[in-house]
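From a predicted model like this one, the values you see are computed outputs, not experimental measurements.
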Amino acid sequence: MKVPWTINPYTPFPGVERGFSPYQSKDLSALSASVEEGLQYLFQTKNEVLVFPGRGAGALEGAVVNFFSPQDKVVAGIMGEGGSEWAQIGERFGLQVLRMGSERGEVITAQDVELLLRSEAGKDIKGVFITHNEISTGVVVDIEKLGKVCREHHLLFLVDAINSLGVVNLKTDEWGVDVVVASPKNLITPDPGLCFLSANDKAWKYNTRANCPRYYWDLTRLQKYFHHPIPENPCIPVPFLLILDEAIQLIKKEGLENIFTRHLKLSCMLRRGIEALGLELLVSDEHIASPSVTAIRVKEEVEAEKITSFLKEEGIATLGGETQLQKKIILIEHSGCFCAFDIASIIATLGRALKAQGVAVDLAKSLAQVWEAYDNE
Ligand SMILES: *Cc1c(COP(=O)(O)O)cnc(C)c1O
């Protein structure tokens, strides 16, 4: 078989020096600066936002090892899978992790944390880990109120925004979030590949004292690679940076506020449609319902698996969801480039899936509810 010459990355391309792949041009510093400026817009922060190669969980580990030491006492809020992963990482590195759970489909509130901090168990706590938008149950936490409590108690406040960046409002600086961990999960780019971390001055002070062992996730090393990238041997996957840069331009064009509003509206439409189909929402309180992921609590007569496989055949993917709720919920994600038509087709397909199982549904009424929410919510 003949090999086409263009596959070899070391072949000189027009305008590219020998020894450089087309991605590894000398404009790498400009690219990383542009990406960082875009991420500061998304994070709503003036602080530095670092970009690493890896998946979101890597940046969660980065937050543990760079700001804490073994034996440090922290609170980890656990509302589903996201929170429990962060708690596990802390425990692996020898932190004393106080796991604070909520009922699945409920949230941890500022009052819950305040109560714990005022109790005997809450003495000497150094930091609070919380998930903003819990993907496995579809709940969203009030970060602003939690930020206030953490500030009053002089704690480091760390937020897992992996599932919220670009879909749920997170005012990092205004709400006093010290460390934000995120990934491009909802940024209309391929994922996994990159992860992000922003830290303020208070967090960098913690960093000088923290002595957890770290190598790959050492922020000071990663900072060097990101801010002074070496074109010959970049340490951040350049194709991902190029795509992210493009995606951020599209996001800026729509505008963050507009994106948040769109997600809220789509979530309302979906919720109204689900109710009209006679199905139950896992999260009944609108105030804590995630704008980007919705869980349906499955009744006994309809089997989750049959519905999800029907949806899959029609091209609608569902998520695995929280282990405690396996086969009890159907989890639908509606983030990124979703529009009103997508929501209507999800409701139509759900209705057909129910009908296929002999459940009586009024599909026309359900779709009418969806479009009513589009007009009025
Ligand atoms: C997806 C997700 C993670 C894990 O991210 P990976 O990129 O898969 O490592 C952690 N927390 C939350 C809230 C998530 O949604």
Check: Among all residues two or more places apart in sequence or in another chain, which pass the side-chain contact (heavy atoms from CB on, under 4.5 Å) test with E372?
Finding: N376
Checklist line | Pairing residues for T172 by the side-chain contact (heavy atoms from CB on, under 4.5 Å) criterion, not counting sequence neighbours | finding: F43, T45, L170, V177, V180, S198
Check: Can R221 be said to sit on top of F226's aromatic six-ring, NZ or CZ under 6.0 Å from centre and within 45° of the ring axis?
Finding: no
Item checked: Atom of T137, atom of L331 and distance for their closest heavy-atom approach -> C-CD1, 4.4 Å
Check: Would you call D191 and K185 a salt bridge, using N to O less than 4.0 angstrom?
Finding: no
Notebook entry, point to check: Taking the side chain from N163 and the backbone from N133, do they hold a donor-acceptor pair closer than 3.5 Å?
Noted result: yes
Checklist line | Approximate separation, where rounding is to 0.5 Å, of L197 CG and S183 OG | finding: 12.0 Å
Item checked: Cationic tip of K265 above Y374 ring, under 6.0 Å, 45° of axis -> yes
Item checked: side-chain contact (heavy atoms from CB on, under 4.5 Å) involving C339 - partner list, sequence neighbours excluded -> F341, D342
Notebook entry, point to check: What salt bridge (charged side-chain N to carboxylate O under 4.0 Å, His left out) pairs are there with at least one residue in residues 113-122, not counting sequence neighbours?
Noted result: E114-R118, E120-K123
Check: Do the side-chain N and O atoms of Q44 and N169 include a donor-acceptor pair separated by under 3.5 angstrom?
Finding: yes
Next item on the list: Identify whether the distance between the nearest side-chain nitrogen and carboxylate oxygen of R214 and E61 falls below 4.0 Å.
Entry: no
Note to self: Could you check whether any side-chain heavy atom of R55 comes within less than 4.5 Å of a side-chain heavy atom of L194, counting everything from C-beta outward?
What the structure shows: no
Next item on the list: Could you check D142, V141, L146 and say which one makes a side chain to side chain contact (heavy atoms under 4.5 Å, CB included) with E144?
Entry: D142
Margin query: Taking K126's backbone N and O only, do any of them form a donor-acceptor pair with Y206's side chain (distance below 3.5 Å, no angle check)?
Written below: yes
Notebook entry, point to check: What residue among R297, K328, R271 forms salt bridge (charged side-chain N to carboxylate O under 4.0 Å, His left out) with E280?
Noted result: R297
Check: Mind checking who shares a hydrophobic cluster with V168, ILVMFWY linked at side-chain heavy-atom distances under 4.5 Å?
Finding: V140, V167
Next item on the list: Apply side-chain contact (heavy atoms from CB on, under 4.5 Å) to Y216 and list each qualifying residue two or more places apart in sequence or on a separate chain.
Entry: P53
Checklist line | Heavy-atom side-chain contact between E48 and W204 under 4.5 Å | finding: yes
Next item on the list: Report yes if the distance between the aromatic ring centroids of F68 and F129 is under 6.0 Å, otherwise no.
Entry: yes
Check: Given the side-chain rings of W217 and F52, with only the six-membered ring counted for Trp, is the space between their centroids under 6.0 Å?
Finding: yes
